[in-house]
Amino acid sequence: MANEKSIDRMEKIVALCRRRGFIFGSSEIYGGINGFWDYGPLGCELKRNIKDAWWNDMVRNPPMPSADRFPKLAGREFQMVGVDCSIIMNSKVWVASGHVGGFQDPMVVCKVEGCKRLFRADKVYQVGFLNADVLTSMPAAYSKLQDQSISAQARIDVQAQLSISNVIPQLTLTVEADSREQAEQVEPSASQLKRHFGNATIAKVAFPLNNHPPHWPAAVCPNCLNGTLSDPLEFNLMFESNTGALKDSTSKVYLRPETAQGIFANFQNVYDTSRVKIPFGIAQIGKAFRNEINPRNYTFRSREFEQMEIEFFCHPDESMLWYEFWREARINWYKSLGIASDKLRPREQGKEELAHYSSACTDIEYMFPFSDEPQELEGVAHRGSFDLNQHGKFAKGKDDAFAIFDDEAWERDKHLFEQSRDREGAPLGRESAGTASPTSSQRETAGSSGAGDRAKEARSKPPYRYVPHVIEPSAGADRFTLAVLTEAYSYDESRASPEFLKFHPRLAPIKAAVFPLVAKDGLPEIAMPIYEAIRKVFPAQYDAKQSIGKRYARMDEAGTPFCFTIDGQTKVDGTVTVRNRDDASQMRIDKPRVVEFLREQLRI
RNA sequence: GCGGGUGUAGCUCAAUGGUAGAGUACCAGCCUUCCAAGCUGGUUGUUGCGCGUUCGAAUCGCGUCACCCGCUCCA
């Protein structure tokens, strides 16, 4: 729970963002729509600057491993290339990635305050206990139920028959179970038996809650044994649409829930056409869509959002080093853009927290004012070869369809496999480069058959042929934009304009403003050409309206780092005033130096 | 999905069931030589939306939508 002061701060930020046109709620004129946001004129410049900074710093001029931090990686060249994939892909992509099926399970929730526990509806069974006599109206169905030898399908058919009949069990128990058989092992207590059935024979029928008879009583929560469970709630986190004019099951498509799969699906294309060599990275910036259960916290959890993702492909033996390299590189990037280190919290996920495909993951978290808990800005995940294996299996029919062959290492090492086994102990090229080497078992294999076979065998295996491992630094463009806004927001009661945004100059939507001190005496005529000169290089604004203080204040709110004011003295000695956003200090510089001054100050 | 709260001008807020207002912002003009200055005038509303009660609803009731807070969830 965030404290009052920080919530108040958050509210002020939200109000400023709306007032000055950074962010609006989507579709406001129609009452809005939960979980969607629009960037206004200033917000769109800010977010564009953020994406441009990322693209420039990660793709065009990527970070390099330094010798002191990563001696084993130092000097290793790697390439970064970009893709821009369609949002809608063949639906099989999402089957392979695990997004279809994995997350469409209906859930049920306990209605009692203080419990509210959620269950997967197909993992909770309501077991109905019936007096056998009640079933006399359907003796055939009943006798079938008693017959343990009937097929599972026949049993389900009978159950379905029961579910549409008006038979209501005298007693129901709700249990968590993986199967109907497991569920049906539950027995009522002796007192329940006595109360409901006396000595009568009982029959037992179990239904999972995603398919239980509507006329049965509400299921009781197996957790608190007190509240009743809701009807199944569909939690389908992917947005669906259809291609073509006809809407049927074959036309169903999904709006991508992550940009990563476009990269994986194009791995072979990029590898075949770009002369990239392992290690290399593919980057993408683009919209993604998740039908979040509960969008919250301003733009933090939106249903439509933009990702800045890298999939970095590397040799399995080096993957942990690259993982650490990227984790550090990404944290440093945030710091380089003015995010205070004490609000930036890298958090290594515990083993139990990791997704099944991931062997390591660090969440880079930021302390937003809306919460006392740090919130995820970016996840740097070690995904192993999971994604390429999945697409290999689903698209090509074999796990290692996207394995690559390391020509360079093979050229260096092939003599080891073409000569007799007495060379077994010879130093291996790759090993000295701090990377992989054939394992001893491979060497034995190599030594036990003919040279040609040995070579062929070795070529087909790691380290020469392998499915690359993937390091995935996946950042949220909107989340970082929000972090930049909250980081920049400053309040100083002593200033005439207490609220201002202290953006890193590189990210500021407007870099400079030009004001004639008064709109007369020939000052606008001097100011306008200065504005036009700046505008050719940096986003700038010209303002001659209202008092000078008000104009400074307006620029403070927009986060403009510098204002140039032309006054009477400009006409005398050709100098203009530079006013600094952060401390409201002023200095004079020569008029022709204005653009140069900005270049120096902005260091862009 | 649950509980609590809030919806009136771009913003902050008024308005006994009886003509929707103020400040601020914004725009125009005047004034003004460095920090939201002053004067004059002006623009801005389906009171979130819908349905009811009423002679009459911003106000009362019901529903709905959105936002905020707390749970819950977030591959």
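Every chain is numbered from 1 and lettered A, B, ... according to where its sequence line falls, protein lines coming before strand lines. Scope of the values below: all heavy atoms of this structure, side chains included, with no hydrogens, waters or symmetry mates.
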Q: Please state whether the phosphate of B/rC67, meaning OP1 or OP2, lies under 4.0 angstrom from any side-chain nitrogen or oxygen of A/Asn34.
A: yes

Q) Distance under 6.0 Å and angle within 45° of the ring axis: does A/Arg290 meet both against A/Phe305? A) no

Q) Within this structure, what is the CZ-to-C1' distance between A/Phe515 and B/rU33, rounded to whole angstrom? A) 15 Å

Q) Quantified in whole Å, what is the P atom distance between nucleotide B/rA20 and nucleotide B/rG48? A) 15 Å

Q.
Need one value for A/Tyr298: base, sugar-phosphate or nothing, where a base atom within 4.0 Å counts as base even if backbone is also close, heavy atoms only.
A. sugar-phosphate

Q | Sugar-phosphate only, base, or nothing, as touched by A/Asp567 at under 4.0 Å among non-hydrogen atoms | A | base

Q) Picking from B/rC74, B/rC35, B/rC34, which would you name as closest to the side chain of A/Glu292? A) B/rC74

(Q) Measuring to OP1 and OP2 of B/rC35, would you say a side-chain N or O of A/Lys550 lies under 4.0 angstrom away? (A) no

**Q.** Inter-nucleotide C1' distance (B/rC13, B/rU40), Å rounded
**A.** 26 Å

Q: Can you tell me, in whole Å, how much space there is between the P of B/rC62 and that of B/rC67?
A: 23 Å

Q: Pick the C1' atom in B/rA15 and in B/rU19, then give their distance to the nearest Å.
A: 12 Å

Q.
Suppose we call a contact any N or O donor and acceptor under 3.5 Å apart; does that hold for the side chain of A/Arg301 and the base of B/rC74?
A. yes

**Q.** Euclidean distance for C1', B/rA58 against B/rU16 (whole angstrom)
**A.** 14 Å

Q. Using a cut-off of 4.0 Å on non-hydrogen atoms, how would the nucleic acid contact of A/Gly35 be classed: base, sugar-phosphate, or nothing?
A. sugar-phosphate

Q) Of the nucleotides B/rC34, B/rA36, B/rC35, which has the atom closest to the A/Thr577 side chain? A) B/rC34

Q: Indicate, with a heavy-atom threshold strictly under 4.0 Å, whether A/Arg579 touches base, sugar-phosphate, or nothing.
A: base

Q. Given atom CD1 of A/Ile23 and atom C1' of B/rC67, what is their separation to the nearest angstrom?
A. 15 Å

Q. Between B/rC69 atom C1' and A/Phe300 atom CZ, what is the distance in whole Å?
A. 17 Å

Q | Complementary nucleotide for B/rG70 - Watson-Crick or wobble, under 3.5 Å | A | B/rC2

(Q) Does a side-chain N or O of A/Ser547 approach OP1 or OP2 of B/rA37 to a distance below 4.0 Å, or not? (A) yes

Q | Nearest-nucleotide pick for A/Arg290, side chain only, options being B/rA36, B/rA75, B/rU33 | A | B/rA75

Q.
So, OP1 or OP2 of B/rC11: does either fall under 4.0 Å of a side-chain N or O from A/Arg18?
A. yes

Q: Determine the interatomic distance between C1' on B/rU59 and the same-named atom on B/rU47; round to the nearest Å.
A: 10 Å

Q.
Expressed as a whole number of angstroms, how long is the span from A/Arg296:CZ to B/rC69:P?
A. 7 Å

Q. In terms of the nearest nucleotide of RNA chain B, which residue is placed more toward the 5' end: A/Arg551 or A/Ala15?
A. A/Ala15

Q: Look at A/Glu596 together with A/Arg593 and state whether they make a salt bridge at an N to O cut-off of under 4.0 Å.
A: yes

Q. Taking atom P in both B/rC11 and B/rG4, what distance in whole Å separates the two?
A. 28 Å

Q) Can you find a pair of side-chain heavy atoms, one from A/Ile23 and one from A/Asp38, that are under 4.5 Å apart? A) no

Q. Within the structure shown, what part of the strands sits under 4.0 Å from A/Arg495 by heavy-atom distance: base, sugar-phosphate, or nothing?
A. nothing

Q) Under 4.0 Å between a side-chain N or O of A/Lys520 and OP1 or OP2 of B/rU32? A) yes

Q.
When the C1' atoms of B/rA28 and B/rU43 are compared, how many Å lie between them, rounded to an integer?
A. 10 Å

Q. If you find the nucleotide of RNA chain B closest to A/Lys545 and the one closest to A/Asp556, which residue's nucleotide is nearer the 5' end?
A. A/Lys545

Q: Decide whether A/Glu487 and A/Tyr366 meet the rule of one side-chain donor and one side-chain acceptor closer than 3.5 Å.
A: yes

**Q.** Check: A/Trp322 ring centre within less than 6.0 Å of A/Phe312 ring centre
**A.** yes

Q) Can you check the A/Ile33 CD1 to B/rC49 P distance for me, whole Å? A) 19 Å

Q: Take atom CG of A/Asn291 and atom C1' of B/rC74, then tell me their distance rounded to the nearest Å.
A: 11 Å

Q) Is the shortest distance from a Lys or Arg side-chain nitrogen in A/Glu306 or A/Lys287 to a carboxylate oxygen in the other one below 4.0 Å? A) no

Q: Rounded off to whole Å, could you give me the CZ-to-P distance for the A/Phe562 and B/rC35 pair?
A: 20 Å

Q: Mind checking A/Glu499 for me? I need base, sugar-phosphate or nothing, with any heavy atom below 4.0 Å counting as a touch.
A: nothing

Q. Would you say A/Asp492 and A/Pro498 make side-chain contact, with heavy atoms under 4.5 Å?
A. no

Q) Who does B/rG45 pair with, Watson-Crick or G-U, both distances under 3.5 Å? A) none

Q. If you measure from the Lys or Arg side-chain nitrogens to the Asp or Glu carboxylate oxygens, is any gap between A/Glu378 and A/Arg479 under 4.0 Å?
A. no

**Q.** For B/rC60, the Watson-Crick or wobble partner whose two distances fall under 3.5 Å
**A.** B/rG52

(Q) My understanding is that a pair needs two contacts under 3.5 Å, Watson-Crick or G-U wobble. By that rule, which nucleotide pairs with B/rG29? (A) B/rC39

(Q) Without decimals, in angstroms, what is the distance between A/Asn580 CG and B/rC35 P? (A) 16 Å

Q) At under 4.0 Å between heavy atoms, what does A/Gln546 touch on the DNA or RNA strands: base, sugar-phosphate, or nothing? A) sugar-phosphate

